[in-house]
Number of protein chains: 2
Amino acid sequence: MARLPVYLRALTALVDQGISTCSSNDLAAAAGVNPAKLRKDLSYLGSYGTRGVGYDVEYLRYQIARELGQTQDWDVVIVGVGHLGSALSAYRGFSTRGIRIAALVDSDPERIGTEVAGVTVAPMADLESIVREHGIAIAVIATPGEAAQGVADALVSAGVTSILNFAPAIVTVPEGVAVRKVDLSIELQILAYHEQRRSAEAPGGGAGPWAADGEVSL
Amino acid sequence: MARLPVYLRALTALVDQGISTCSSNDLAAAAGVNPAKLRKDLSYLGSYGTRGVGYDVEYLRYQIARELGQTQDWDVVIVGVGHLGSALSAYRGFSTRGIRIAALVDSDPERIGTEVAGVTVAPMADLESIVREHGIAIAVIATPGEAAQGVADALVSAGVTSILNFAPAIVTVPEGVAVRKVDLSIELQILAYHEQRRSAEAPGGGAGPWAADGEVSL
DNA sequence: AGGATTTTGTTCTCACGTTCACAAGCTCTT
DNA sequence: AAGAGCTTGTGAACGTGAGAACAAAATCCT
Ligand SMILES: NC(=O)c1ccc[n+]([C@@H]2O[C@H](COP(=O)([O-])OP(=O)(O)OC[C@H]3O[C@@H](n4cnc5c(N)ncnc54)[C@H](O)[C@@H]3O)[C@@H](O)[C@H]2O)c1
Ligand SMILES: NC(=O)c1ccc[n+]([C@@H]2O[C@H](COP(=O)([O-])OP(=O)(O)OC[C@H]3O[C@@H](n4cnc5c(N)ncnc54)[C@H](O)[C@@H]3O)[C@@H](O)[C@H]2O)c1
């Protein structure tokens, strides 16, 4: 499930606080979810808790990390070293989560050869050899939207099987390749929609038919 | 719904191609969703289509933009002008989606007073007056995780009612304040989990209990 | 003009995820 | 050692969202 990384982060925070055991209530509060949901999620991994006591923080942390594949580091290539790509390259939080930015690729001759966060930007032509040499399975697309599909095709043909796409474009890939999309504009648009509702509802009784998903307040 | 911005983007792309009318099938394909789902979504807005013909692209685009509150521009403040905050500030795609980065705020004396993407970075102390003067309702948190809750409190007390949080921390806010969280690490972790499954499943028949959400392939 | 055709709007069904509630099980106290 | 008190794991209800299927309506062709 997509919630496991959240639990993992909460557990790591507990470890840092020197807490060695915790109940599902505590952990659920730290992760911001319903305790029952958390217990059900964890039960899919196996029975790692002790009734009457709770969960051993360190042990559970390891189990989730193993399930997530974080016992090893995953090498990742970022394609498109612009504003966003550079910010991602510089981010130190990835390394503690089993993610290593192993390579940067761009098509801009100006940018190729420059060093960003200790990694030299390579040309698109090197993509296949980079993927092969590092054994890269995961890639990030941070190019403009128009280039996204072409980059995705190149990545797939180079052997990448998981793609995180930041470009505002829908990329289609062969079956078996995983694609996740993050669209930062849309996140803000959803908030704007919220505000729009708010101000539209306040005066008249103009009831609207639906609610935007996501968490509102707590 | 959270899909409206996707439809809006697809419609804008159609406008750019000079297409003036389209069926739900066309639009659904462009937006990457099921045609029935799209029609159901649009029907909540009202009956803007014509049976036997389809939807008038320009008219529908306006209706969705109105529903999303994009007939006006929303002023946004970004708190934390580090790598990520700077990248967001520099992004030009927001302006075409009704989002305007009106102000930047940081706590680092080194950063205060510098200009990023044409906007001068202000100190935290100015937050309240900035929010008041611009009539800001939406804010972005791009500070380290430890600072996130404090920043959120300051934002709420300044009058902000919608927050987009990039920090890996769960912020709690009073009822009525909308919070959305974007966690880029988690996105990559989910892909790593996918790869983990893939490599674990390939050899043995080690069936796993669940599937990670999100789109895999198409 | 009338039927064929296309496409929307809607209803119905189904499956999934969430949540409540409770039994099973562990520990600590008496 | 036995019961009291927690806490997990899970079975069952609930609500929500997705997809298929169909009826209503508008255009086009003959
Ligand atoms: N804050 C942000 O920066 C932000 C916010 C929302 C969405 N996005 C999206 O993220 C993507 C990147 O944004 P950005 O601000 O970093 O853009 P940018 O223009 O700063 O960087 C894009 C980079 O991609 C490279 N590039 C272009 N075509 C390429 C190709 N065919 N192959 C390889 N590299 C190529 C360019 O040389 C450039 O370095 C865009 O799609 C944008 O819409 C960015
Ligand atoms: N690619 C990325 O940069 C990336 C990826 C994933 C997550 N994140 C998250 O996004 C957030 C920002 O990342 P970043 O790389 O830009 O970090 P950064 O260190 O480059 O920037 C953080 C900024 O916040 C400011 N700040 C710190 N405390 C503050 C406070 N109390 N009030 C106001 N401003 C304060 C700092 O002065 C700095 O300018 C972090 O929480 C990080 O975990 C970033």
Side-chain angles (χ1 to χ4, degrees), chain A residues 1-7 10-11 14 19-61 63-64 67 170 190 193 208-218, chain B residues 1-7 10-11 14 19-61 63-64 67 170 190 193 208-218:
Chain A
M1 291 254 183
R3 284 185 296 271
L4 286 183
V6 180
Y7 302 156
L11 285 168
L14 292 178
I19 297 172
S20 66
T21 187
C22 75
S23 72
S24 63
N25 268 322
D26 303 339
L27 187 54
V33 300
N34 185 297
K37 180 158 44 170
L38 179 132
R39 286 203 299 276
K40 184 155 280 194
D41 286 345
L42 294 184
S43 75
Y44 284 117
L45 296 177
S47 290
Y48 294 133
T50 311
R51 302 181 184 211
V53 179
Y55 298 93
D56 182 282
V57 174
E58 187 58 57
Y59 180 57
L60 182 59
R61 202 184 70 84
Q63 293 298 339
I64 294 182
E67 183 74 15
I170 295 170
I190 292 172
Y193 166 76
W210 67 45
D213 87 2
E215 327 108 72
V216 176
S217 165
L218 219 265
Chain B
M1 289 254 181
R3 284 185 295 271
L4 285 183
V6 180
Y7 302 157
L11 284 168
L14 291 177
I19 297 172
S20 66
T21 188
C22 74
S23 71
S24 63
N25 267 323
D26 303 339
L27 186 54
V33 299
N34 185 299
K37 183 159 38 170
L38 179 132
R39 286 203 300 275
K40 183 169 283 194
D41 286 344
L42 295 184
S43 74
Y44 283 119
L45 296 178
S47 290
Y48 295 133
T50 310
R51 301 180 187 213
V53 177
Y55 298 93
D56 182 282
V57 174
E58 187 59 54
Y59 181 58
L60 182 59
R61 201 182 73 83
Q63 293 298 339
I64 294 182
E67 184 73 15
I170 295 170
I190 292 173
Y193 167 75
W210 67 45
D213 87 1
E215 327 105 74
V216 175
S217 166
L218 221 264

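In what follows, chains are A, B, ... by sequence order, proteins preceding strands, each numbered from 1.
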Rounded to whole Å, how long is the line connecting atom [atom1] of [X] with atom [atom2] of [N]?
X       : N      : atom1 : atom2 : value
B/Asn25 : C/dT6  : CG    : C1'   : 11 Å
B/Leu38 : D/dG17 : CG    : P     : 17 Å
B/Leu27 : C/dT7  : CG    : C1'   : 13 Å
B/Arg39 : C/dT10 : CZ    : C1'   : 10 Å
A/Lys40 : D/dG11 : NZ    : P     : 8 Å
A/Tyr44 : D/dT10 : OH    : P     : 10 Å
B/Asp56 : C/dT7  : CG    : P     : 15 Å
A/Lys37 : D/dT8  : NZ    : C1'   : 18 Å

Q: With rounding to the nearest 0.5 Å, note down the distance linking CD in A/Glu67 to CE in A/Met1.
A: 11.5 Å
Q | Value rounded to 0.5 Å, distance of OH in A/Tyr55 from CD1 in A/Ile64 | A | 9.5 Å
Q: Carefully, step by step, assess A/Leu4 and B/Ile190 under the rule side-chain contact (heavy atoms from CB on, under 4.5 Å).
A: CA-CA 9 Å; A/Leu4 286 183; B/Ile190 292 173; over 6 Å; no
**Q.** B/Ser24 side chain near C/dT8 phosphate (N/O to OP1/OP2, under 4.0 Å)
**A.** yes
(Q) Does D/dT7 have OP1 or OP2 under 4.0 Å away from a side-chain N or O of A/Tyr48? (A) no
Q: Taking only the side-chain heavy atoms of A/Ser43 (C-beta and beyond), determine which of D/dT10, C/dT10, C/dT7 contains the nearest atom.
A: D/dT10
(Q) As a test of reading the structure: which of C/dA21, C/dT18, D/dT8 is closest to the side chain of A/Arg3, going by heavy atoms? (A) C/dT18
Q. Going through the distances and angles, do A/Leu11 and A/Leu60 end up as a side-chain contact (heavy atoms from CB on, under 4.5 Å)?
A. CA-CA 8 Å; A/Leu11 285 168; A/Leu60 182 59; 3.8 Å; yes
Q) Under 4.5 Å between any side-chain heavy atoms of A/Leu42 and A/Tyr48, yes or no? A) no
Q. Is there side-chain contact between B/Thr21 and B/Thr50, with at least one heavy-atom pair below 4.5 Å?
A. no
Table of protein N/O atoms under 3.5 Å from nucleotides 28-30 of chain D N/O atoms:
none

Would you tabulate the side-chain donor-acceptor contacts of residues 22-31 of chain A under 3.5 Å, counting partners in other chains and residues two or more places apart, or write 'none'?
from: A/Ser23; atom 1: OG; to: A/Asn25; atom 2: N; distance (Å): 3.3
from: A/Ser23; atom 1: OG; to: A/Asp26; atom 2: N; distance (Å): 3.2
from: A/Ser23; atom 1: OG; to: A/Asp26; atom 2: OD1; distance (Å): 3.4
from: A/Ser23; atom 1: OG; to: A/Asp26; atom 2: OD2; distance (Å): 3.3
from: A/Ser24; atom 1: OG; to: A/Arg39; atom 2: NH1; distance (Å): 3.0
from: A/Asp26; atom 1: OD2; to: A/Ser23; atom 2: N; distance (Å): 3.4

Q: Could you tell me which residues satisfy side-chain hydrogen bond (donor to acceptor under 3.5 Å, both in side chains) with A/Tyr7, sequence neighbours excluded, listed by chain and number?
A: A/Arg3, A/Asp41
Q: At under 4.0 Å between heavy atoms, which parts of nucleotides 25-30 of chain C does protein reach? Answer with one letter per nucleotide, 5' to 3': B base, S sugar-phosphate only, - none.
A: BBS---
Q | Pairwise salt bridge (charged side-chain N to carboxylate O under 4.0 Å, His left out) hits with a residue in residues 45-60 of chain A, at least two apart | A | A/Glu58-A/Arg61
